[in-house]
Amino acid sequence: MLDYCMCPKCERMIMLDSDFETGFCLYCGTHISYQEAREFFLEGLKSAVPDELKIEADLSDLIDEDDAQEDTYGVDECREECAKAQEYMGKWDFANAFQKYTAALEWRPRDFEACCGRMTAGILKLNDVENWEDRLDSCIDMIRGQSDWNMAQKSLEYSLDILKRFLSKGGRFVSPAYTCGFFKKLTESFPALREKAAVIYAHCVNVDNAPFTDAARLDHETTRFSVGSYPQEPDKQLSRHLLIIMKYHPDSRQRHSLVRAVYVFDRAVWLRNHDSERIDDVLDFLEGMFSGSYSNEDRKAALDAGYDLLMMGALEPAATQREKLMFLTGVYSWEQIKRMEQFFSGSAFFNRVYLEIYLKQKGASPLSAEYRRIEAKIKSLTK
């Protein structure tokens, strides 16, 4: 079984087979002990998580007086399984902790401590990302009152701190395509954790797109290593991720840089291939930015990135305006160019592209009211 480890010499994250006592670092070639590399990795993670974040269950604050009369069947067995799970959590054996919390829930399916623990261990298993949202859903569904949120939030904070530490060591374990629902629900349901979740999510989106852009500009230390489950095809629905990040990420420079990395750098191939799905996604992102509660600064950054891609403002710098005009005329559909008008109508170049695409439509004529409207706009913009 492959486990996450860290090379004691170069301090890079690697994966070693626990069935063998020794292995080799794929970066520096050092022959290392599995046990030593595993302990070095775990100690590095533990140092980043404060003691007060250890999961502790104080059910006295969470149980209503009326609950004292509930059926007590399975309570002792549930508590025993939870205690075993806590021991595994302390050893950072999240797979076995998950099994014990699951066993606890078999005795008491509505036990809130076991539900929060199972959610936390399930997230930290790292190799089962498709089910993160379901675990969060089941936990939120069991919240009966405001007091219960404290335990769920504490569990999630514990998970996010470990995930962040994992990322800081060069880890890449999660595809945004699989966990968009999880991060969306997390940021909506737990306001205190929004910024931390958005930072982690931005990292995942950035590194997930590393093959298609210069991700090192944003995240140099965390692009050295990649493992995990990913869709076979590249994710073409990036707007849903970026809208979450733009809303909650605390650093405006980083979130704006991410948008440019995802939508602008090295993206001329999208236009050359007439990739309508990706083009529509950029338009979805712009529409989401201008219909949601985003700052004017963020909207301007989104607009600039959208224009630099869709109107080739930052692409093919050696091409002339005329060459770009003739190229883009053959890229966009009439429906797409109409969607763009609300964002780019203040650009004379966009309106020229609009006119060329309009004239390709059946029944279009230079004598029509639509043609004269756009022509008048171009004249006003070029005075």
Side-chain angles (χ1 to χ4, degrees), residues 176-177 179-181 183-184 186-188 194-195 197-210 212-215 217-219 234-271 275-317 324 328 331-333 335-351 353-354 377 381:
T179 58
C180 182
F183 280 101
K184 186 174 187 294
L186 177 60
T187 52
E188 289 174 349
R194 284 173 176 169
E195 291 189 356
V199 169
I200 293 173
Y201 198 38
H203 162 88
C204 297
V205 171
N206 179 51
V207 178
D208 201 40
N209 287 274
F212 315 107
T213 186
D214 188 1
R217 303 183 197 197
L218 302 176
D219 228 344
D235 187 2
K236 294 188 177 183
Q237 296 180 332
L238 303 177
S239 61
R240 53 187 182 153
H241 314 309
L242 294 176
L243 289 171
I244 294 173
I245 293 166
M246 289 290 278
K247 181 171 288 188
Y248 300 119
H249 198 292
D251 189 325
S252 61
R253 183 189 62 81
Q254 288 192 22
R255 61 178 182 260
H256 297 168
S257 296
L258 177 63
V259 170
R260 295 196 66 81
V262 170
Y263 278 148
V264 181
F265 297 140
D266 307 324
R267 289 303 197 261
V269 66
W270 292 3
L271 304 182
D275 195 334
S276 291
E277 193 172 352
R278 290 195 182 275
I279 293 168
D280 288 338
D281 179 69
V282 179
L283 295 175
D284 290 342
F285 173 64
L286 293 176
E287 290 173 352
M289 287 296 298
F290 280 82
S291 62
S293 55
Y294 296 89
S295 69
N296 289 334
E297 179 189 14
D298 287 345
R299 288 175 175 173
K300 183 180 184 303
L303 204 59
D304 289 344
Y307 185 88
D308 283 346
L309 171 64
L310 298 173
M311 292 294 111
M312 300 182 70
L315 301 178
E316 306 292 346
K324 291 182 178 180
L328 293 176
V331 172
Y332 300 126
S333 67
E335 290 72 21
Q336 287 172 332
I337 202 69
K338 284 194 296 183
R339 289 180 68 186
M340 294 181 202
E341 186 178 10
Q342 61 178 311
F343 307 115
F344 307 139
S345 60
S347 163
F349 178 71
F350 165 79
N351 285 288
V353 177
Y354 187 101
K377 185 175 292 187
L381 293 170

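Just so it is clear, the structure is predicted and the values come from calculations on it, not from any experiment.
Between the CE atom of Met340 and the CZ atom of Phe350 there is a distance of 7.0 Å, given to the nearest 0.5 Å. The CG atom of Leu242 sits 11.5 Å away from the CG atom of Asp298 when rounded to the nearest 0.5 Å. A distance of 5.5 Å separates CG of Leu286 from CZ of Phe344, quoted to the nearest 0.5 Å. The structure places CE of Met246 at 12.5 Å from OG of Ser239, a figure rounded to the nearest 0.5 Å. Rounded to the nearest 0.5 angstrom, Leu243 CG and Ser291 OG are separated by 8.0 Å. Within the model, atoms CG of Leu309 and CZ of Phe265 stand 12.0 Å from one another, a figure rounded to the nearest 0.5 Å.
Taking the six-membered ring where tryptophan is involved, the planes of Phe290 and Phe343 are tilted, since the angle between them lies from 30° to 60°.
The minimum heavy-atom distance linking Leu238 with Trp270 is given by the pair CD1-CH2, 4.3 Å. Contact record, Gly292 with Arg299: O-NH2, 2.7 Å, taken as the closest heavy-atom pair. Taking both residues in full, the closest heavy atoms of Glu316 and Ala268 are given as OE2-CB, 3.8 Å, listed atom of the first, atom of the second, then distance. Nearest heavy-atom pair, Asp266 versus Val269, reported as atom, atom and distance to 0.1 Å: O-CG1, 4.1 Å. The minimum heavy-atom distance linking Ala305 with Val264 is given by the pair O-CG2, 3.5 Å. Of all heavy-atom pairs between Ala177 and His241, the closest is N-CE1, 4.0 Å.
At most 12 heavy atoms of other shown residues, nucleotides or ligands fall within 6.0 angstrom of atom NZ in Lys184. By the 6.0 Å contact criterion, NZ on Lys300 is open, its count of non-hydrogen atoms from other residues, nucleotides or ligands being 12 or less.
The shortest distance between side-chain heavy atoms of Ile279 and Leu271 falls below 4.5 Å. Here the side chains of Leu328 and Phe349 are in contact, with some heavy-atom distance below 4.5 Å. In this structure, the side chains of Ile244 and Cys180 come closer than 4.5 Å at one or more pairs of heavy atoms. Taking the side chain as every heavy atom from C-beta outward, Met311 and Ser347 never approach each other to under 4.5 Å. The shortest side-chain heavy-atom distance between Tyr201 and Leu186 does not fall under the 4.5 Å cut-off. Between Leu283 and Leu310 there is a side-chain heavy-atom pair separated by less than 4.5 Å.
A centroid separation of less than 6.0 Å is found between the aromatic rings of Phe285 and Tyr263.
In summary, Arg260 and Asp304 do not engage in a salt bridge, as defined by a charged side-chain N under 4.0 Å from a carboxylate O. Between Arg240 and Asp235 there is a salt bridge, with a side-chain nitrogen of the basic residue lying less than 4.0 Å from a carboxylate oxygen of the acidic one.
Counting only distance, with no hydrogens or angles, the side chain of His249 and the backbone of Ile245 share no donor-acceptor pair below 3.5 Å. Side-chain atoms of Asn351 come within 3.5 Å of backbone atoms of Ser345 as a donor-acceptor pair (strictly under, hydrogens ignored). Arg278 contributes no side-chain N or O that, together with a main-chain N or O of Lys236, makes up a donor-acceptor pair within less than 3.5 Å.
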Could you go through Gln336 and Val331, starting from their C-alpha distance and side-chain angles, then the distance that decides it, and tell me whether this counts as side-chain contact (heavy atoms from CB on, under 4.5 Å)? CA-CA 10 Å; Gln336 287 172 332; Val331 172; 5.9 Å; no

Given the rule in the side-chain contact (heavy atoms from CB on, under 4.5 Å) test, do Glu287 and Gln342 qualify, once you have shown the distances and angles that lead to the verdict? CA-CA 9 Å; Glu287 290 173 352; Gln342 61 178 311; 3.7 Å; yes

